[in-house]
Amino acid sequence: MHKSFLSIAAVLGALSVALGAFAAHRLKEIVSPDAVAIFETGVRYQFYHVFALLFVGLVSDRASNRWVVWAGNCFIMGIVFFCGSLYTLTALKAADISPMKLIGIATPVGGVFFIAGWVFLWLALITSDKK
């Protein structure tokens, strides 16, 4: 097992639940329904990739190669860029500040990290020499 990935997944999972509860109960009073939907997309993708990161941590002893580490790192970076940019966009909308273009660019970069993470996980599993 890769304890770092498991630990990070646990923290990000708890954060997902907290952010989801905030979106469900308080955020709706602060921003428009469109902004809430953006925030909830971030929470949803964070939660999905927490499970992917947990899986990486659990299979890292079976698929112990560079690809499994790349997969875990890409899932973390995807959460930071994709989800983080959506949270930031929502915060900027709540503060009535025009979102910067740089923030909007981070979202697809994070999406590419997510895709790369899944590809690296696949590579880790098919190139593993352990049965």
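Residue numbers count from 1 along this sequence.
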Spacing of [X] atom [atom1] and [Y] atom [atom2] [to the nearest 0.5 Å]:
X	Y	atom1	atom2	answer
Asn65	Phe120	CG	CZ	11.5 Å
Leu27	Leu19	CG	CG	10.0 Å
Leu12	Leu53	CG	CG	7.0 Å
Ile103	Ile97	CD1	CD1	10.0 Å
Cys83	Tyr48	SG	OH	11.0 Å
Thr41	Leu89	OG1	CG	11.0 Å

Could you see if [X] belongs to whatever hydrophobic cluster contains [Y]? Use Ile, Leu, Val, Met, Phe, Trp, Tyr and a side-chain cutoff under 4.5 Å.
X	Y	result
Met77	Val112	no
Val50	Val69	yes
Leu123	Val68	no
Val36	Leu15	yes

What is the minimum heavy-atom distance between [X] and [Y], and which atoms define it?
X	Y	result
Gly110	Phe81	CA-CB, 3.5 Å
Ser60	His2	OG-N, 2.9 Å
Ala94	Ile30	CB-CG2, 3.8 Å
Thr107	Ser85	OG1-OG, 2.6 Å
Thr90	Val31	O-CG1, 4.1 Å

Could you walk me through whether Asn73 and Phe5 pass the side chain to side chain contact (heavy atoms under 4.5 Å, CB included) test, one step at a time? CA-CA 8 Å; Asn73 288 332; Phe5 288 145; 3.6 Å; yes
Of all pairs that satisfy side chain to side chain donor-acceptor pair (under 3.5 Å), the ones with a partner from residues 6-22, not counting sequence neighbours: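 Qualifying pairs: Ser16-Gln46.
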Once salt bridge (charged side-chain N to carboxylate O under 4.0 Å, His left out) is applied, what residue pairs with a partner in residues 31-60 remain, sequence neighbours excluded?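 The answer is none; no pair qualifies.
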Which pairs, with at least one residue in residues 12-28 and sequence neighbours excluded, count as a salt bridge (charged side-chain N to carboxylate O under 4.0 Å, His left out)?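 Every pair satisfying salt bridge (charged side-chain N to carboxylate O under 4.0 Å, His left out) with a residue in residues 12-28: Arg26-Glu29.
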Test applied, side-chain contact (heavy atoms from CB on, under 4.5 Å); reference residue, Trp67; option that passes from Leu125, Thr127, Val56: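 Per the side-chain contact (heavy atoms from CB on, under 4.5 Å) rule, the option paired with Trp67 is Thr127, out of Leu125, Thr127, Val56.
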Do Trp118 and His49 pass the side chain to side chain contact (heavy atoms under 4.5 Å, CB included) test, and can you show the C-alpha distance, the side-chain angles, and the key distance before you say yes or no? CA-CA 10 Å; Trp118 289 107; His49 289 88; 3.1 Å; yes
Taking the six-membered ring for Trp, are the ring centroids of [X] and [Y] within less than 6.0 Å of each other?
X	Y	answer
Phe51	Phe55	no
Phe75	Phe114	no
Tyr87	Phe39	yes

Would you mind reporting whether Val43 and Phe22 have side-chain heavy atoms less than 4.5 Å apart?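 In short, these two side chains do not touch, never coming nearer than 4.5 Å.
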Answer yes or no: is there a donor N or O on one side and an acceptor on the other, between the side chain of Tyr45 and the main chain of Ile79, under 3.5 Å?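 No, because the side chain of Tyr45 does not come within donor-acceptor range (under 3.5 Å) of the backbone of Ile79.
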